[in-house]
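Proteins get letters first, then strands, A, B, ... in listed order; numbering begins at 1 in each.
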2 protein chains.
Amino acid sequence: MATNAREPTSPRAGDGADKLLLKLRLRDGIDAEEEQALRDIIRPPERMAARSVVVREGVPLERSALLVQGILGRSKDMRDGQRQISEIHIPGDFADLHSFTLKRLDQDVIALTECWISWVPHSALQDITERLPHLGRMLWLSTNLDGALHRAWTVSLGRRDALARIAHLLCEMQVRLSVVDMADERSYALPLTQSDLAECVGLTSVHVNRVLRELREQGLVTFRSGRVTIHDIDRLRRVAEFSTDYLFLDKRAR
Amino acid sequence: MATNAREPTSPRAGDGADKLLLKLRLRDGIDAEEEQALRDIIRPPERMAARSVVVREGVPLERSALLVQGILGRSKDMRDGQRQISEIHIPGDFADLHSFTLKRLDQDVIALTECWISWVPHSALQDITERLPHLGRMLWLSTNLDGALHRAWTVSLGRRDALARIAHLLCEMQVRLSVVDMADERSYALPLTQSDLAECVGLTSVHVNRVLRELREQGLVTFRSGRVTIHDIDRLRRVAEFSTDYLFLDKRAR
DNA sequence: CGTCCGGTTGAGAAGCCTCAACCACCGTGG
DNA sequence: CCACGGTGGTTGAGGCTTCTCAACCGGACG
């Protein structure tokens, strides 16, 4: 069942769990029983087309989406056709774990690229909160990490200019992707369009284009054909006023 | 013990719990055992001076702050002296419940007015996750509601102009304060300065001043001497593109 | 080979910021 | 009692960042 999907890009069933465990174990120990419980509730990944709506705002939900491959965004459409993305999700992220308690979403989850998603039933999560409270707290932690990202984005949108805002986003993605072995200090794949970036940082794609040129010409970063190449990570972080503190990369009893 | 504080503004010990319970019971039932467990872990409120830092970013924490009276903000200082507030807290809110899993904060919690705070030890919260998993999920829900506010603010900062942004904030506060019986449809107390507002919506206080005049002259809202008077809530909400959906005001099994 | 999507660039407009002055109110101290 | 200083609010003028509109380019794909 798990290995039924035969397309070349199709991920293995355990990939999502592996990356989720990398993310959780960076913050606290997960023992064998907890790991097994987690693996047991993760269904085989399903493919979602690029640009499709994975979870629609407002719909009653009984499962959450663990992203195995691809990039998801949480997105809000405005009356006038503009949209704002409030978080970018990478493999190993639950895109809507908060729906476990909220029971519906306040924003759409959309596939920014082709994605593979493992669904996790809320009933299984409830079971975890009752049988394995520490693992339950680690899942709670996971939604609180999302909250920390949200706050950092709020600060960016409220107080950084366009250059620092984009620089900050590219710094954030570098660290988060590193955690799941998808980036190093020099470069990483980020298969988004400039319009996608614009919807993350609250600018127009035209202005994002100009700012990306500026970042390139200043020898900081290059974003081109879905890849980020960092020329000077120290200067980039200084320009962005970036610190890893809000990403909670330290291991502690939780 | 609980009634020791004698100043006229000093709240009773149970006030914080009462408002927290109003907030939680709006979303799901809390039975007598859960209510008692919650009341048992809430310490008598302590007074914090206006403009003081209640919880400092980065400091290891073993307790969370339940706001009983006053207004708190989550605030990030920038290098250049600017700051951004990412959430406003009202009585009945935990200002840093996320520190239960994160163990420190990514932003300061500051008192925007004189505040009374009840501290709740993390050990007691851990106990709840182990003994009363449903109540634990309700606390998890509470941090997820914060997340929904964060996302709404991100959308505001990214895609609304100054007028709509301030209108949206005033709409949000009206609903949230109503939940804890501190607002009606026409008016509510909001003892903030125009600079505080500016730090919430990512503008300067000068521009906030001009926009408040515009809101007043359009017959939408008046914000004056710490009080918001809503002249036309329907038009105000339309201008703000405000919907209560993201506040999750519905009762459901969670 | 045409079409579409994403990216690039220019020119002018709009929204918000900066700087500065001034006012009203309130608590404090002489 | 009044003078004073501090804080918060108000208004004007000019500047800068970002937006809007528009044109054009290049590559992928049918």
Side-chain angles (χ1 to χ4, degrees), chain A residues 49-52 71 78 80-85 111-114 156-169 189-218 221-229 239, chain B residues 49-52 71 78 80-85 111-114 156-169 189-218 221-229 239:
Chain A
R51 302 290 144 188
S52 61
I71 297 186
M78 309 297 287
D80 65 358
Q82 291 192 100
R83 58 156 66 156
Q84 177 66 35
I85 292 175
L112 296 175
T113 66
E114 177 184 301
S156 255
L157 290 172
R159 293 295 175 218
R160 276 188 256 263
D161 67 15
L163 192 87
R165 225 182 278 179
I166 293 176
H168 196 275
L169 177 61
L190 189 71
L192 302 181
T193 66
Q194 295 184 358
S195 301
D196 293 332
L197 278 189
E199 291 175 351
C200 292
V201 293
L203 301 167
T204 58
S205 61
V206 171
H207 202 241
V208 165
N209 180 282
R210 292 188 228 271
V211 170
L212 286 175
R213 168 154 49 93
E214 179 70 18
L215 284 167
R216 198 183 329 121
E217 285 172 0
Q218 286 196 19
V221 237
T222 299
F223 173 82
R224 190 164 270 164
S225 47
R227 172 155 287 273
V228 175
T229 307
V239 164
Chain B
R51 303 289 145 189
S52 60
I71 297 186
M78 308 299 286
D80 64 359
Q82 291 193 101
R83 58 156 69 155
Q84 177 66 35
I85 293 176
L112 297 176
T113 66
E114 177 184 301
S156 254
L157 290 172
R159 293 295 174 216
R160 276 187 256 262
D161 66 15
L163 192 87
R165 225 181 277 179
I166 293 177
H168 196 275
L169 177 61
L190 189 70
L192 302 181
T193 66
Q194 294 185 359
S195 299
D196 293 331
L197 278 189
E199 291 176 352
C200 292
V201 293
L203 300 167
T204 59
S205 62
V206 172
H207 198 58
V208 165
N209 180 282
R210 291 187 227 271
V211 170
L212 287 174
R213 167 155 49 94
E214 179 69 19
L215 284 167
R216 198 182 329 121
E217 286 172 359
Q218 286 196 19
V221 236
T222 298
F223 173 83
R224 188 164 272 166
S225 47
R227 173 155 286 275
V228 176
T229 307
V239 163

How does protein contact run along nucleotides 7-17 of chain C, one letter per nucleotide 5' to 3', with B for base contact, S for sugar-phosphate only, - for none, heavy atoms under 4.0 Å?
SBBBB----BS
Can you tell me how far CZ of A:R83 sits from CE of A:M78, rounded to the nearest 0.5 angstrom?
12.5 Å
Close side-chain approach of A:L203 to A:I166, heavy-atom, < 4.5 Å:
yes
Output for pair (B:E214 CD, B:H207 NE2), nearest 0.5 Å, gives 10.0 Å
D:dT18 C1' sits how many Å from B:L157 CG, rounded?
16 Å
Report the distance from atom CD1 of A:I85 to atom CG of A:L169, rounding to the nearest 0.5 Å.
9.5 Å
Check: A:L112 and A:R51 side chains under 4.5 Å, non-hydrogen atoms
yes
